[in-house]
Amino acid sequence: MVKITGKIEIQKEIEKKIEKTVEGILDLKKLIEKNLKENITILLSFILAGAIHLSSSDIHLEPKEKDVKMRIRIDGMLHDVLIIPSEIYHFLLSRIKLLAGLKLNIHNRPQDGSFSVVLSLILKKGKVKEIEIRTSALPTDYGESIVMRILDPESLRSIEELGLREDLLELFKKEIKKPNGMILVTGPTGSGKTTTLYAFLKYLKRPEIKIITIEDPIEYRLEGISQTEVHPEKGYDFANGLRAIVRQDPDVILVGEIRDLETAQIAIQAALTGHLVFSTLHTNDAAGTIPRLVSLGANPSNIAPAINLAIAQRLVRKVCPKCFIWRTPTEEEKELLKNQLNDLPEGLKKKYLPENLDTLQIKEGRGCKYCNFCGYKGRVGIFEAIVVNDEMENLILKNPSIPEIKKLAKKHGMVTMFQDGLIKVLLGITTIEEVERVAKEE
């Protein structure tokens with residue numbers, strides 16, 4: 001586990017100033033520029049508290065030839081904030097390294113550390129709040145680049161807040177209540193897999209259930225569950241950790257990621273012997289889960305009875321609630337909606353697809369200070385899920401291709417991620433452009 005070595009308490013005056021004056025990135029830029037000549041702790045306080053106030057997930061400080069660029073990531077997108085003079089960055093870098101427990105005299109190799117920020121006003125929770133800042137330093141041509149990852153425990157969602165359709169929400173609740181089997185969540189880095197798995201754990205967490213996790217690294221700390229972190233350099237990897245966890249008699253196991261055959265085999269075995277196992281895989285869609293496990297070397301005759309549910313997900317940005325307009329979709333957009341949603345299961349088609357698309361109105365963000373002029377604010381998940389029933393189990397035994405799995409899943413009512421995204425367009429949550437950007441089907 002990366003040790004939290006330092007702590008920075010944000011002054012109430014700084015928080016008040018940010019709450020009062022910062023609505024978007026331009027406001028933050030002006031505020032930081034105004035305080036560039038302040039002492040380094042105050043400058044860092046404005047940077048950290050401002051980024052947290054704007055719901056950023058990361059702060060990037062990138063040295064260039066003559067100065068340093070500061071960028072922040074909001075809703076998965078990086079935004080330029082301001083340019084910091086190199087002579088100021090020199091002191092800022094030292095302060096961050098000191099807080100994060102990084103060696104000040106090492107500049108030629110990567111270092112990782114962590115510190116925490118204490119807030120009492122921002123986010124209006126009415127209590128003192130501590131947020132972990134996971135810090136990475138990387139040597140570049142023009143000096144050390146710093147990325148600070150903001151791990152806000154408040155960003156964890158309940159299962160009801162994930163953005164699931166009613167039918168999917170009921171399905172997920174039913175599947176995660178089963179006493180054994182495996183549920184796999186798939187998608188690329190940054191698609192919200194960890195958030196979904198933690199939502200499952202929060203839903204299941206109660207005194208009579210023992211939950212143990214093995215992660216790389218532990219991103220959020222949950223009370224009432226046992227969390228462990230891999231240390232490959234010490235010989236404690238996912239496979240070894242999972243082997244040890246099974247001996248602890250857990251009811252539910254979360255494995256951060258299945259990366260190799262050994263981990264896959266132990267996880268499958270645990271699922272077959274009375275444990276409920278959650279994990280993640282890197283695949284493009286839910287149907288790719290089975291071939292991915294087979295490519296790692298797992299036996300289809302073990303995979304088939306072990307897996308209960310395969311989920312794939314992405315995150316799409318939501319239309320800004322402050323600057324949206326309603327508009328009539330173009331003929332091409334109507335055609336796309338009709339073609340893609342026509343093969344929805346009858347109940348969902350009746351519920352979501354209007355009979356007459358000519359009267360349909362969809363939302364679009366115009367761009368304002370609140371959403372940093374991009375038209376979007378916040379993100380929500382789009383999902384697809386394959387339930388492994390008897391017919392699917394029999395197909396898995398034959399080592400099927402992805403199209404074969406997808407065909408059978410659709411026969412049993414699977415809604416693809418792309419279709420789920422388009423349903424969210426009809427509901428006024430996101431836009432067609434955003435769904436196509438994130439989950440365009442081949």
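Below, all heavy atoms of this structure are taken into account, side chains as well, without hydrogens, waters or symmetry copies. In this chain, numbering begins with 1 at the start of the sequence shown.
Taking Phe238 as the reference, nothing meets the ring pair (Phe, Tyr, Trp, His ring centres under 6.0 Å) condition, with sequence neighbours excluded. In this view, Glu364 and Arg327 satisfy the side-chain hydrogen bond (donor to acceptor under 3.5 Å, both in side chains) rule, not counting sequence neighbours. Listed by chain and residue number, Phe200 satisfy the ring pair (Phe, Tyr, Trp, His ring centres under 6.0 Å) test with Phe172 (two or more places apart in sequence, or in another chain). Remark: Glu346 pairs with no residue by the side-chain hydrogen bond (donor to acceptor under 3.5 Å, both in side chains) rule, at least two apart or across chains. Looking at residues two or more places apart in sequence or on another chain, you find a salt bridge (charged side-chain N to carboxylate O under 4.0 Å, His left out) between Lys351 and Glu166. Legend: residues meeting salt bridge (charged side-chain N to carboxylate O under 4.0 Å, His left out) with Lys349, ordered by chain and number and at least two apart, are absent. With sequence neighbours excluded, the residues forming a side-chain hydrogen bond (donor to acceptor under 3.5 Å, both in side chains) with Asp420 are Arg165, Lys424, listed by chain and number. Among residues two or more places apart in sequence or in another chain, the salt bridge (charged side-chain N to carboxylate O under 4.0 Å, His left out) test is passed with Arg317 by Glu434. Remark: Ser279 engages no residue in a side-chain hydrogen bond (donor to acceptor under 3.5 Å, both in side chains) (not counting sequence neighbours).
Judged by distance alone, with hydrogens and angles left aside, the side-chain atoms of Glu257 form no donor-acceptor pair with the main-chain N or O of Leu281 at under 3.5 Å. At least one donor-acceptor pair closer than 3.5 Å links the side chain of Gln227 to the backbone N or O of Tyr220.
Sorted by first and then second residue, the side chain to side chain donor-acceptor pair (under 3.5 Å) pairs involving residues 181-195 (not counting sequence neighbours) are Thr186-Thr283. Sequence neighbours left out, not one pair with a member in residues 370-416 passes ring-ring contact (aromatic ring centres under 6.0 Å, His included).
Classification of Glu144 and Lys97 as a salt-bridged pair holds, one side-chain N sitting under 4.0 Å from a carboxylate O. In this structure, Lys398 does not pair ionically with Glu404, as no charged nitrogen and carboxylate oxygen lie closer than 4.0 Å. Residues Glu19 and Lys17 are not paired through a salt bridge, judged by the lack of any N-O separation under 4.0 Å between the basic side chain and the carboxylate. In this structure, Arg206 does not pair ionically with Asp251, as no charged nitrogen and carboxylate oxygen lie closer than 4.0 Å. Under a 4.0 Å N-O distance rule, the pair Lys173/Glu160 qualifies as a salt bridge.
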For a quick test of your reading: what N or O donor-acceptor pairs under 3.5 Å do the side chains of residues 285-297 make, sequence neighbours left out?
from, atom 1, to, atom 2, distance (Å)
Asp285, OD1, Gly288, N, 2.9
Asp285, OD2, Lys406, NZ, 3.2
Thr289, OG1, Ala286, O, 2.8
Ser295, OG, Arg292, O, 2.7

